[in-house]
Amino acid sequence: MTPKTIKKIGVLTSGGDSPGMNAAIRAVVRAGFYYGLEMYGIYRGYEGMIQDDIKKLDSRYITHILERGGTFLKSARSAEFRTPEGRKKAFDNLQSHGIDALVVIGGDGSLTGAHLFFEEYGIPSIGLPGTIDNDLSGTDLTIGFDTACNTAIEAIDKIRDTATSHDRLFFVEVMGRDAGFIAINAGIGSAAAAILIPERKTSIEALVDKLKTRSKAKKSSNIVIVAEGGQSGSAQQIADEVKTFLPHYDIKVTILGHLQRGGSPTSFDRLLASKLGVAAVEGLLQGKYDVMAGMINNKIVYTPIVKAIVDDKELDEEDLRVANILST
Ligand code: ATP
């Protein structure tokens, strides 16, 4: 597309927060200043766009935020933005500030909203993949995924200590309603006995057999990782079922929950967020609209948002194979 003249960019974070969102906002704003643009912070995602919760940013807003978890712009889910009336209000507010381009940092829902908004109003926009779930195509990894996996592994290591001391079987539930990326990564990284993910069905009988085999091999602790959206049920449901087969096992369940969303981003997430933040502003200035900036094989790639949100991100079969070999 022929680049439009862009003078004022608005940036927002939307949907579930993820570590590295602050680093991404900082990079977007710094890159904007570098190219002589005015930068605006839109608070509480699309909700703030509708309620005109919009502030012109200067460098004070982004000092010392790179290392902080969460998002200083705050995030929200907005039911009103799903309506044409809500989006019209949002558009009018952008117009009143003279904002002529947008950077939307969020997950697939937030990018879907950005795409619709672009189709309706033609405001140049670029999405950045900000979600711990890693469930967006068009990027090898999403901003926040690496930190979430590190947080999960750190917690599971601690659970391992108590599991070993008491010869216990732990079921640890990690985030991932529709995608097993965190479960697989944290499962391999914490030597899990089994990993249950939404994309695959694991039979309870097969799981029980595996646990029995490991017991014969005198494994002193067993940790089973369950993604929250697992096809076989929640960690608690699976633990209850397994207990009926293995009544003598000392079984415990831990749900890591929102712990995985918080915390200071890892160096990987800081780097990814920083590169993608700059890529978002440069992409807009080059006329790349309605796309998501991502990183594939360490190169910046702009993927049409419709493709990034629709394509189911494939699990890495090699990861599954390795997990299987290492847990037998
Ligand atoms: P996460 O991956 O953490 O859940 P997300 O960005 O997918 O993040 P959602 O709650 O799905 O989170 O979406 C965030 C917001 O994006 C919604 O509250 C809504 O305002 C907007 N949005 C999502 N889907 C649409 C849609 N189809 N039309 C318009 N806006 C949408």
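Quantities reported herein were computed from a predicted structural model and do not represent experimental measurements. Counting starts at 1 for both ligands and their atoms, following the listed order.
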* Asked: Quick one: does ligand 1 sit under 4.0 Å from the side chain of Asp108, the backbone, both or neither, non-hydrogen atoms only?
  -> both
* Between Phe81 and ligand 1, which residue portion shows a heavy-atom distance shorter than 4.0 Å: side chain, backbone, both, or neither? -> both
Under 3.5 Å, is there a donor on one side chain and an acceptor on the other for [X] and [Y]?
X: Glu80; Y: Tyr46; value: no
X: Glu154; Y: Asn150; value: no
X: Glu282; Y: Gln286; value: no

* For ligand 1, find out whether one of its N or O atoms is nearer than 3.5 Å to an N or O atom of Gly107. => yes
For [atom], state which one of [options] supplies the nearest heavy atom.
atom: atom 16 (O) of ligand 1; options: Gly109, Gly113, Ala114, Gly144; answer: Gly109
atom: atom 18 (O) of ligand 1; options: Gly45, Gly127, Ala179, Ser78; answer: Ser78
atom: atom 26 (C) of ligand 1; options: Arg77, Met175, Glu47, Arg82; answer: Arg82

Which residue and heavy atom of the protein sit nearest [atom], plus the separation:
atom: atom 3 (O) of ligand 1; result: Gly16 N, 3.1 Å
atom: atom 6 (O) of ligand 1; result: Ser110 OG, 2.5 Å
atom: atom 28 (N) of ligand 1; result: Leu116 CD1, 3.2 Å
atom: atom 27 (N) of ligand 1; result: Thr112 CG2, 3.5 Å
atom: atom 15 (C) of ligand 1; result: Ser14 OG, 3.6 Å
atom: atom 2 (O) of ligand 1; result: Thr131 OG1, 3.5 Å

* **Residues that Phe245 engages under ring pair (Phe, Tyr, Trp, His ring centres under 6.0 Å), provided they are two or more places apart** => none
* Asked: Among the clusters formed by ILVMFWY side chains lying less than 4.5 Å apart, do Leu37 and Leu73 turn up in the same one?
  -> yes
* Structure fact -> CG (Asn297) and NZ (Lys299) are apart, to the nearest 0.5 Å, by 8.0 Å
* Do the rings of Phe91 and Phe117 sit parallel, tilted or perpendicular, given the 30° and 60° boundaries? -> perpendicular
* Asked: At a 4.0 Å threshold, what atoms of ligand 1 neighbour a non-hydrogen atom of Tyr46?
  -> 16 (O), 20 (O), 21 (C)
* To do: Could you tell me whether Lys89 atom NZ has more than 12 heavy atoms of other residues or ligands within 6.0 Å of it?
  => no
Under 3.5 Å, which donor-acceptor pairs do the side chains of residues 169-190 form with other protein atoms, sequence neighbours left out?
from: Glu173; atom 1: OE1; to: Ala235; atom 2: N; distance (Å): 2.9
from: Ser190; atom 1: OG; to: Ala186; atom 2: O; distance (Å): 2.6

